[in-house]
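Encoded as structure tokens, the structure appears first; notes follow it.
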Amino acid sequence: MRPSTVHTPELIAQDALHIPTFKLLKQDGTLYQGAAEPEFDESFAVKLYQDLVFTRVLDERMVNAQRQGRIPFYLASLGEEAASVGSTAALKDQDMIFAQYREQGALRFRGFTAEQFMDQCFSNERDLGKGRQMPIHYGSKALNYMTISSPLATQIPQAAGYSYGQKLQGNDAVSICYFGEGAASEGDFHAGLNMAAVLNCPTIFLCRNNGYAISTPAEEQFKGDGVASRGIGYGINTIRVDGNDLLAVFVATQMAREYALANNAPVLIEAMSYRLGAHSTSDDPTGYRSKEEEAKWAKKDPILRYKHWLTQKGWWDDNKEKALYSEYREEILAQMKAAEKRPVPTLDHLITDVYDEPTEQLKQQLTELKQHVRKYPNQYPKTSGRLDA
Amino acid sequence: MRPSTVHTPELIAQDALHIPTFKLLKQDGTLYQGAAEPEFDESFAVKLYQDLVFTRVLDERMVNAQRQGRIPFYLASLGEEAASVGSTAALKDQDMIFAQYREQGALRFRGFTAEQFMDQCFSNERDLGKGRQMPIHYGSKALNYMTISSPLATQIPQAAGYSYGQKLQGNDAVSICYFGEGAASEGDFHAGLNMAAVLNCPTIFLCRNNGYAISTPAEEQFKGDGVASRGIGYGINTIRVDGNDLLAVFVATQMAREYALANNAPVLIEAMSYRLGAHSTSDDPTGYRSKEEEAKWAKKDPILRYKHWLTQKGWWDDNKEKALYSEYREEILAQMKAAEKRPVPTLDHLITDVYDEPTEQLKQQLTELKQHVRKYPNQYPKTSGRLDA
Amino acid sequence: MSSMNLLQAINNALDIAMSKDEKVVCFGEDVGFFGGVFRATSHLQEKYGRARCFNTPLVEQGIIGFANGLAAQGHKPVAEIQFGDYIFPAFDQIVNETAKYRYRSGNEFNVGGLTIRTPYGGGIKGGHYHSQSPEAYFAHTPGLKIVVPRNPHQAKGLLLASIRDENPVIFFEPKRLYRASVGEVPEGDYELPIGKADIVREGSDITLLAWGAQMEIISQAASMADNEGIDCEVIDLRSILPWDIETVVKSVQKTGRLLVSHEAPLTNGFGAEIVATVQEHAFLSLESPILRVCGLDVPYPLAHETEYMPDASKVFEAIKHSVHY
Amino acid sequence: MSSMNLLQAINNALDIAMSKDEKVVCFGEDVGFFGGVFRATSHLQEKYGRARCFNTPLVEQGIIGFANGLAAQGHKPVAEIQFGDYIFPAFDQIVNETAKYRYRSGNEFNVGGLTIRTPYGGGIKGGHYHSQSPEAYFAHTPGLKIVVPRNPHQAKGLLLASIRDENPVIFFEPKRLYRASVGEVPEGDYELPIGKADIVREGSDITLLAWGAQMEIISQAASMADNEGIDCEVIDLRSILPWDIETVVKSVQKTGRLLVSHEAPLTNGFGAEIVATVQEHAFLSLESPILRVCGLDVPYPLAHETEYMPDASKVFEAIKHSVHY
Ligand SMILES: Cc1ncc(C[n+]2csc(CCOP(=O)(O)OP(=O)(O)O)c2C)c(N)n1
Ligand SMILES: Cc1ncc(C[n+]2csc(CCOP(=O)(O)OP(=O)(O)O)c2C)c(N)n1
Ligand SMILES: [Mg+2]
Ligand SMILES: [Mg+2]
């Protein structure tokens, strides 16, 4: 420990703090020396694998669906599945999840069905969000998964506030907040972490550092030792973990949850990974990064790593693998076909939920709109047939 | 140095980083053992003392003026004079100063006259700011002192941008940005420091940690090791200094300036001090802190400390002291009397400077207003007499 | 009934709200121990504990972000922004988040429990940053409610209604009246309706419309007009969102004339919306153009504050202009 | 002349501005190497170097804060906000800082060199957060200029004028037209005036007024009306602040009728200001209420985007309503 007073001037170097990366699993599925794996029973371990695979199959299908023009937009989590599945798996169902948008794995772990994913992506009348947001903006009260919002980092102080409420209520519950290393540059990051620390909130902040914010590489996002090194500045206990190592992510999150609850204090986790695919279907990464870099990371596939471990445990084999992939492919395809046939919500839902009850002005606006739609039914084919439904 | 990879999970403790405080002068004016004082010549050393005293006399007079109802508002820097005088003294005239509002000492060092202070505080026609802002919102292009703005922390990213411009222009110049430990909680702090680091800006960020943001003590502002410990998270070289020790502040700032210019990189300085007086004339600190605490800090008076040093050098004595105080008291009083007699800017200046040239709409609004003032001259006594001036 | 100033009425409303519902939580800069720089939250920490009344760090975007999360969790945060002028760092959290929480989630989640309190307005020699009236900046945002009281009695009833409303409310408090406006206020619990204007004086020649501190000004102008035989109807809009179109339009159909006044700059102030709506609904009743008496299109000034203000003499002149059109 | 789409016209304007004035600096999220997510800044880093065209960290309040400082220093920053929907975190820097810099300092300092570029508007299935038209949020702020072009030719000339204007300008780019709008654009340097509306079609029965992408819609409606013998005058406002009251009022005095259309929600949109001003200045010429055809007062929707939009059929119906009042 340094003395608290010095009499010769010295700049504390920008790299005074090094936060190491916690890893358990090697890419071949074996443990590092000295590493202790968490105690999973077989069915839990297999469930996690299923959720990883589901997420990957979902992403693959939906990227295609977007290419085919069936949905306007999609955003995959390719290469980062383990970080969200592994962390959410370490939580309890009552814990609230604030996701950024690339955490479909976490939602799947909580039990969101293929049908529910499809209904959201196709903005149909069964979408819990009533067709109001772009594909991938999932949310479910039943599953304690906060509806996703596009403006980045806004969920960070919200998660602090939510967990403060959980604490007041005396629930045995925390909130977890996922965000990218890009979003961590927003003012709301600073606000959220500092408030959580000083107001003693049981919040887990999980930064997915996947190397890029769209085209901007992490080196143009910040200069310090990643996002983790900022935690200490807020007085927040912090851990950096290999985000492609599901077991390590699980253990780190479990530890974070325990600490957060026991101490009413936040924890910051930085999960190091890589966005293997494009940012979204609107993006083409060939414009800003090399094939070599991508290939290097493709070799670190988190799903494969976990599969190797599972196989070595004797809990997984090729037959199960094949069956699982085809089951999910078929299920998703079938649900997609069903979802795209379902109509959009009725026009009334254009004005519901702005307030708890529509105001007089809104009712008036809807009435006028309906009159207009009746006059020009062909221009509004999605709603004109069901105006009085 | 820690290893870059670990295989047992460990939370890096919130207090992993301790930033010591750099001090040179003891309260009795002698140097700490091992401390090396900067090389001041007598006239420079005395000028610094004069500026400290001017600042204190100014504050004292103006707080009284506010009590007498002569100005609507004032904000003193009692107890913190050394931090702003000592740091600005280490800069060059071409360096741009972004102040928060409690840095009248810095402005005085640059040469702002008693008359100029008064003209601003009385919002008269000679105020460089044309009477548009509350007292203490000084600014001077000639002195490279950016006009102060009330919304906290907005100047932090601005200082980064300004210094980026200085760098582009190839000037041998940096920007310094002063802010309180309270303002350091704003999102703009995060934005400004991170941008300065990653965009390689020669900016000196100087946080005056005076223990309070109005009534909020620093412990309710943040949980970590002050503001300094955040610097490392941004990859910014950082130093903490005793803000009541003018020599230490000078040395730290000089070092910061050299580093910033040589490396095109920001430096963060946290100057530890205490706001000895009320937050402003609108505040009464007896409601939220103890007399004992105040008394403890009153003993650490930075001006007295510097005076002891100066006296020991043989550069100061009681006669000079007396003369200086009465000179400043008289000068300020005389200038105050003159300033309060000067009229406010003419009504035309209600609409100048909104744009480079008034728009048609603004001209129209002014014309109508003047008609109205002509009709009700007694209601607008400050301007009605000089409408056609 | 007891005599209270506007601050006391607000403090009293917060006290009642906290005592009756433990989900109500008050916070903001200096709100805790000290009770706020204006002392609106005085003694609440003492009474209800640090967990329910506390200081936050100095970060408005965080205060509202935190409040959004706390409200989504089911609490009723009453977040204070120290001055209306400092609400802008929280603009994204309010406009993109608060306002859209319920809609974007299909009502899976909402922040209906949230109330944002903030002092607004000029006349206190506060210059640019202690004087603004930012209501119009929010009025373009479906999903928010906006309420502005004119006196202590209104403040208490409207604040209690705002805290209990199932929707997020921004509650703008006329700080010029904090201590200046004193009146009889019922001691018990009561609510005044959100979304309903209040006809404070009936008249037949022209309708004068304002809200908050500006009510004093238009009422004064109405008295001046009275002396010249002009009979003004005076309406306090009270809610900016949603606003009571029906009451205003009916009044204008009766008087044939409308004048709207606010302190904020003229251009795109909320007066514009009122004019646009009323001219549509009462076109055939209008005997003269609807007039706006507002701040000039400049940043809020200091030395020329008196000249900038839409004062009673300006309103009075405009009344005459309208009536003699 | 060459044929360009709107993005190319913008890229071309930036290129010319940077080549002629080394004080011009472009930055924002993904603006550097990649050239922006819409590619508006393509190849500028290559041509002018990393120091003058670069990526920023992901922080809008920082982008504008930094830009304010850089402009105050004497440079001409052209800061990109990736989507208009994400300009709100920078609201404080724009409304409290950018807009008031010159005024509050008595012209000791100014940020007149600043231009903020941002894509706005709907029709791209973008939902709440890739569709908003936030111009009205800024229109209440003296000290800002606000410009919106309708096509490539206008975009280039107005952007060059904005960059060189001595005042801060927010330049809203209609992203629906980025690739859809193609037209002949002069290759050289030219500027179009800020603050002047453009009469794109003369007519005698009713004035239709809009800006940006909505010009296409009202022009279509004008053609529909033409078929029914209604002769529309069509005006592109181009500048929201300051706006060309004179041209609009003169037109309404001639036609006797006005319809304003914008995509943003009705309430307190900039349409309100136009109506309020025009009814005052052209009261005696008005033959029917001024109509606004706008978005509904809801957050920008997705599944019901078509229904929400103020499309040509809605404008056409409103034209008939006005003419047959
Ligand atoms: C406030 C805001 N600014 C900009 C955007 C546009 N945007 C969407 S995703 C993105 C990059 C985010 O990067 P990161 O946080 O690292 O997450 P990742 O996509 O890598 O998972 C940007 C700039 C946005 N959604 N919100
Ligand atoms: C954005 C913003 N929020 C709130 C305020 C009101 N305010 C003025 S000074 C102050 C405290 C500032 O404390 P600190 O930064 O520590 O500076 P100090 O006064 O101690 O020098 C507050 C909350 C403000 N001016 N701007
Ligand atoms: Mg990323
Ligand atoms: Mg302080």
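Naming: A, B, ... by sequence-line order, numbering from 1 per chain. Only this structure's heavy atoms are used, side chains among them; waters, hydrogens and symmetry mates stay out.
For the pair C/Ile245/C/Val278, no side-chain contact is recorded, criterion being any heavy-atom separation below 4.5 Å from C-beta on. Between A/Thr359 and A/Leu362, the closest side-chain pair of non-hydrogen atoms falls below 4.5 Å. A/Thr147 places none of its side-chain heavy atoms less than 4.5 Å from the side chain of A/Tyr138.
Neither the backbone nor the side chain of C/Ala67 comes within less than 4.5 Å of any heavy atom of chain A. For C/Leu241, the part sitting under 4.5 Å from any heavy atom of chain A is the side chain, from C-beta outward, and nothing else. Contact annotation for A/Leu199: only side-chain heavy atoms (C-beta onward) come within less than 4.5 Å of a heavy atom of chain C. When heavy atoms are compared at a cutoff of 4.5 Å, C/Phe27 does not approach chain A at all. Of the two parts of A/Thr352, only the backbone, made up of N, CA, C and O, holds a non-hydrogen atom closer than 4.5 Å to a non-hydrogen atom of chain C. The contact between C/Gln93 and chain A is made entirely by side chain atoms (from C-beta outward), counting heavy-atom distances below 4.5 Å. For A/Phe98, the part lying near chain C is the side chain, with the backbone staying farther off; criterion is any non-hydrogen pair under 4.5 Å. Only the backbone of C/Leu144 has a heavy atom closer than 4.5 Å to any heavy atom of chain A. In this structure, the portions of A/Met146 lying under 4.5 Å from any heavy atom of chain C include both its backbone and its side chain. Of the atoms belonging to C/Lys23, it is side-chain heavy atoms, and not backbone ones, that fall under 4.5 Å from chain A.
Taking 4.0 Å as the cut-off between side-chain N and carboxylate O, C/Glu22 and C/Arg52 do not count as a salt-bridged pair. At a threshold of 4.0 Å, the pair A/Asp348-A/Lys370 counts as salt-bridged, since one of the basic side-chain nitrogens sits closer than that to a carboxylate oxygen. With salt bridges taken as basic N to acidic carboxylate O contacts below 4.0 Å, none links C/Asp244 and C/Arg238. By the 4.0 Å N-to-carboxylate-O rule, A/Arg386 lies close enough to A/Glu125 to be salt-bridged with it. In this structure, A/Asp353 pairs ionically with A/Lys130, as a charged nitrogen and a carboxylate oxygen lie closer than 4.0 Å. The pair C/Arg117-C/Glu80 meets the salt-bridge criterion, since a charged nitrogen lies less than 4.0 angstrom from a carboxylate oxygen.
Here the two rings, on C/Phe83 and C/Tyr129, have centers that are 6.0 Å apart or farther. Ring pair A/Phe112/A/Tyr145: centre-to-centre distance not below 6.0 Å. Two rings, from A/Tyr164 and C/His75, have their centers 6.0 Å or more apart. Taking the six-membered ring for Trp and the full ring otherwise, C/Phe91 and C/Phe138 have centroids separated by under 6.0 Å.
Among the candidates A/Met96, A/His137, A/Gln169, the residue making the largest number of heavy-atom pairs closer than 4.5 Å to chain C is A/Gln169.
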Next item on the list: Assess whether salt bridge (charged side-chain N to carboxylate O under 4.0 Å, His left out) is satisfied between A/Arg108 and A/Glu103, documenting all intermediate values.
Entry: CA-CA 9 Å; A/Arg108 175 62 180 179; A/Glu103 295 83 2; over 6 Å; no
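Within residues 161-169 of chain C, the residues approaching chain A closer than 4.5 Å by heavy atoms are, in numerical order, C/Glu166, C/Asn167. Of residues 104-116 of chain C, those residues lying under 4.5 Å from chain A by any heavy-atom pair are C/Arg104, C/Ser105, C/Gly106, C/Asn107, C/Glu108, C/Phe109. Contacts between residues 191-198 of chain C and chain A, counted as heavy-atom pairs separated by less than 4.5 Å, involve no residue at all. The stretch residues 171-188 of chain A places A/Asn171, A/Gly187, A/Asp188 near chain C, each with some heavy atom under 4.5 Å from a heavy atom of that chain.
Formation of a donor-acceptor pair under 3.5 Å by the A/Gln120 side chain with backbone atoms of A/Met134 is found in this model.
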